[in-house]
K.L.:
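Here's a structure for you.
Letters A, B, ... mirror the listed sequences (proteins, then strands); counts begin at 1.
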Amino acid sequence: MYKIISEETDKSGMKVLNIDKSDLIELMEDYKDRKYFLSSITGVDMKDHIDVIYHLHNFDKNDYICVKVSTTDEKVPSITKLWKAAIVDEREQYDLMGITFEGHDNLRRILLPDDWVGHPLRKDYDLNKVQYVSVDRDGNEHVSFDDKEGW
Amino acid sequence: MSHWIELNIGPVHPATHGIYRFRVKLNEETVEDVDITIGYLHRNAEKICELNYFVNNTIYFDRMDYIDAMNMEVGYLRAVETLIDMEVPERAQWIRMIMAELSRIAARMVGIGALGLDVGMLTPFFHTFHEREKIQKIFVEASGGRQEVNYMSIGGVYQDFNDKIIEEIKEFIAGFKGKLEEMVKMFTDSEIFWQRNVGTGVLEPDIALDYGVTGPMLRASGIPYDVRKDSPYLFYDKVNFDVPIARTKDNMGRFLVKVEELRQSVRIIEQCLAKLPEGPYFNPKAKKSAMLLLKGQGDVFTRVESESGEFGVFIRGDGGVKPYRVHARSPSFKNLAVVPIMTKGSLIADLIITIASVDAVAGEVDR
């Protein structure tokens, strides 16, 4: 059985459950049985660790809850087996925040080109380092730090 | 004997309604698999928002769902105002509601018109854009912007409604009611429109829920979920309107749900105009000199009903004058992801109609 570390209410009046990431799958399975659906996944870079925030929604009871886990090694278990909505959400968070979702079948970048360097939403991401994207005849994108490459 | 073709649609193609790339695996004319590449319009608004003061960010939200800018602003401001405990005067909230509904009508006009174009009907497109133009004239009168309006701000709106704007809105609503029925008749009188839309792009409700689909797509699958009704914001609990659903789950169902929602939007605007109170349109606590000093601490996640579905905004404040993290839960992003399931085994021509009926906006998908 999963253990809830602490329970609070945030400013918008939503119930927040703080749990350990080893309990994540078990808790999510429980909430799936109670007819909750995944609404969104958010990663927040807190410099020494990353918070991963799941918002779940029950359409019958019109209830929203928020589940928070924190990770220091940038890895959390994937919940794509429970809700298909997680496929694109986890890909997005992997792309922009660099969180590896263990167990995701197709964890690749979704918004940025495949060989982009770095994860832009990290606080230590260098905004001054410009990367250039070129598109070849087949429509595949290539990224380079050199603006002449690909032309 | 099967004959495989891999067909590339997009990124720049009239049928994609924005910039996405569809790589379709075809067995003769039957769609076997669709691979969607997105990100051509990615600007990382979430990162840009972290670099700005709370008040600066409305313009980046305008450019997410760029055809429904007012609802994006309502969505962002609902989150920010919850975070920084800012009260909004009653008149400003009613004004926001009128603008949000006008914007919803304007966005639907693009969606429905483009659906007609993809079926091969040129005429309704001109009529829908004529109506959209009238709404944009109202926006210009109120804010100075046609599409990217930047009308709302923390604590209220940029400019009060004067008599001329109210008169224009009343005139528009009076004309639009008849015009809408005329436009809908153009669609529903067409045999081709029925044949192309009925039974294509079927989305079962359990798949829709599993994929996180919201908005008219979910309602057309038979689930009456609307944020305006289920968790009212602004004054949506003080006006009467219905949430339409369709049982057919197909493209025609989605079209009819969108049309019925237009009628409901008109109803909401009429009630808003009747109830619009006198009073301040701006909270004096959020005056210009104090704008940059607004501080927020903690997490909020609020959501509003935008044109394409449930638009949620997550903001974490660290007690500073800038947001620590902003995340937008964009409905189009989820709605587009279900297209491969909806079109599997259908004809390539039905794929085009389904994409038009999903009506995903590239700016919101890519953010």
K.L.:
At a heavy-atom distance under 4.5 Å, which candidate from B:Thr302, B:Thr214, B:Leu83 has the highest pair count against chain A?
P.N.:
B:Leu83
K.L.:
Got a second to check how far A:Met14's CE is from B:Phe314's CZ, nearest 0.5 Å?
P.N.:
9.5 Å
K.L.:
Between A:Glu92 and B:Arg367, is there a side-chain N and carboxylate O pair less than 4.0 Å apart?
P.N.:
yes
K.L.:
Side chain, backbone, both or neither: which part of B:Arg23 has an atom under 4.5 Å from a heavy atom of chain A?
P.N.:
side chain
K.L.:
For A:Gln93, is it the side chain, the backbone, both or neither that has a heavy atom under 4.5 Å from a heavy atom of chain B?
P.N.:
side chain
K.L.:
What part of A:Arg91 is in contact with chain B, defined as an atom under 4.5 angstrom from a non-hydrogen atom: side chain, backbone, both or neither?
P.N.:
neither
K.L.:
Measure distances from B:Leu41 to the heavy atoms of chain A and classify the residue's part below 4.5 Å as side chain, backbone, both or neither.
P.N.:
neither
K.L.:
Checking B:Tyr324 against chain A: side chain, backbone, both or neither under 4.5 Å from a heavy atom?
P.N.:
both
K.L.:
Are the side chains of A:His55 and B:His327 in contact, using a 4.5 Å heavy-atom criterion?
P.N.:
no
K.L.:
Need one label for A:Leu127: side chain, backbone, both or neither, based on atoms under 4.5 Å from any heavy atom in chain B.
P.N.:
side chain
K.L.:
Is B:Tyr211 close to chain A through its backbone or its side chain, or both, or neither, when contacts mean heavy atoms under 4.5 Å?
P.N.:
both
K.L.:
For B:Gly212 and A:Ala85, which heavy atoms make the closest approach, and how far apart are they?
P.N.:
N-CB, 3.8 Å
K.L.:
Measuring from atom CD1 of B:Ile341 to atom NZ of A:Lys84, what distance do you get when rounded to the nearest 0.5 angstrom?
P.N.:
7.5 Å
K.L.:
With rounding to the nearest 0.5 Å, note down the distance linking CD in B:Glu46 to CG in A:Leu121.
P.N.:
5.5 Å
K.L.:
Tell me, out of B:Asp366, B:Ile38, B:Val300, B:Leu209, who's got the most heavy-atom pairs with chain A below 4.5 Å.
P.N.:
B:Leu209
K.L.:
Is the NZ atom of B:Lys344 crowded by more than 12 outside heavy atoms at less than 6.0 Å?
P.N.:
no
K.L.:
Should A:Met46 and B:Arg316 count as side-chain neighbours, where that means a heavy-atom distance under 4.5 Å?
P.N.:
yes
K.L.:
Could you look at B:Glu50 and say if it's the side chain, the backbone, both or neither that has a heavy atom under 4.5 Å from chain A?
P.N.:
side chain
K.L.:
If only side-chain N and O atoms count, and only distance matters, is there a donor-acceptor pair under 3.5 Å linking A:Thr42 with B:Arg325?
P.N.:
no
K.L.:
With a sphere of 6.0 Å drawn around CD of A:Glu8, does it hold more than 12 non-hydrogen atoms of other residues, nucleotides or ligands?
P.N.:
yes
K.L.:
If you compare all heavy atoms of A:Ser39 against all heavy atoms of B:Glu310, which two are closest, and at what distance to 0.1 Å?
P.N.:
OG-OE1, 3.7 Å
K.L.:
Could you tell me whether the side chain of A:Ile110 reaches within less than 4.5 Å of the side chain of B:Phe333, counting heavy atoms only?
P.N.:
yes
K.L.:
For the backbone of A:Leu96 and the side chain of B:Lys47, can you confirm whether one donor and one acceptor N or O come within less than 3.5 Å of each other?
P.N.:
no
K.L.:
With a 4.5 angstrom heavy-atom cut-off, is it the side chain or the backbone of B:Asp230 that approaches chain A, or both, or neither?
P.N.:
both
K.L.:
What I want to find out is whether A:Asp89 reaches B:Arg329 closely enough, with some N-O distance under 4.0 Å, to be called a salt bridge.
P.N.:
no
K.L.:
Using the six-membered ring of B:Phe301, assess whether NZ or CZ of A:Lys11 lies under 6.0 Å from its centre and within 45 degrees of the ring axis.
P.N.:
no
K.L.:
Testing A:Ile53, A:Val44, A:Asp51 one by one against B:Asp299 for a side-chain contact (heavy atoms from CB on, under 4.5 Å), which residue passes?
P.N.:
A:Ile53
K.L.:
Tell me, with the steps shown, if A:Leu112 and B:Asn44 meet side-chain contact (heavy atoms from CB on, under 4.5 Å).
P.N.:
CA-CA 10 Å; A:Leu112 296 171; B:Asn44 214 337; 5.8 Å; no
K.L.:
Output the option from A:Glu141, A:Arg109, A:Lys68 having the highest count of non-hydrogen pairs under 4.5 Å with chain B.
P.N.:
A:Lys68
K.L.:
Measure the shortest side-chain to side-chain distance between A:Val88 and B:Leu336 over non-hydrogen atoms and say whether it is less than 4.5 angstrom.
P.N.:
no
K.L.:
Indicate yes or no: at least one non-hydrogen side-chain atom of B:Val365 is less than 4.5 angstrom from one of A:Leu111.
P.N.:
no
K.L.:
Who wins among B:Val338, B:Asp318, B:Val213, B:Asp210 for the most heavy-atom pairs under 4.5 Å with chain A?
P.N.:
B:Asp210
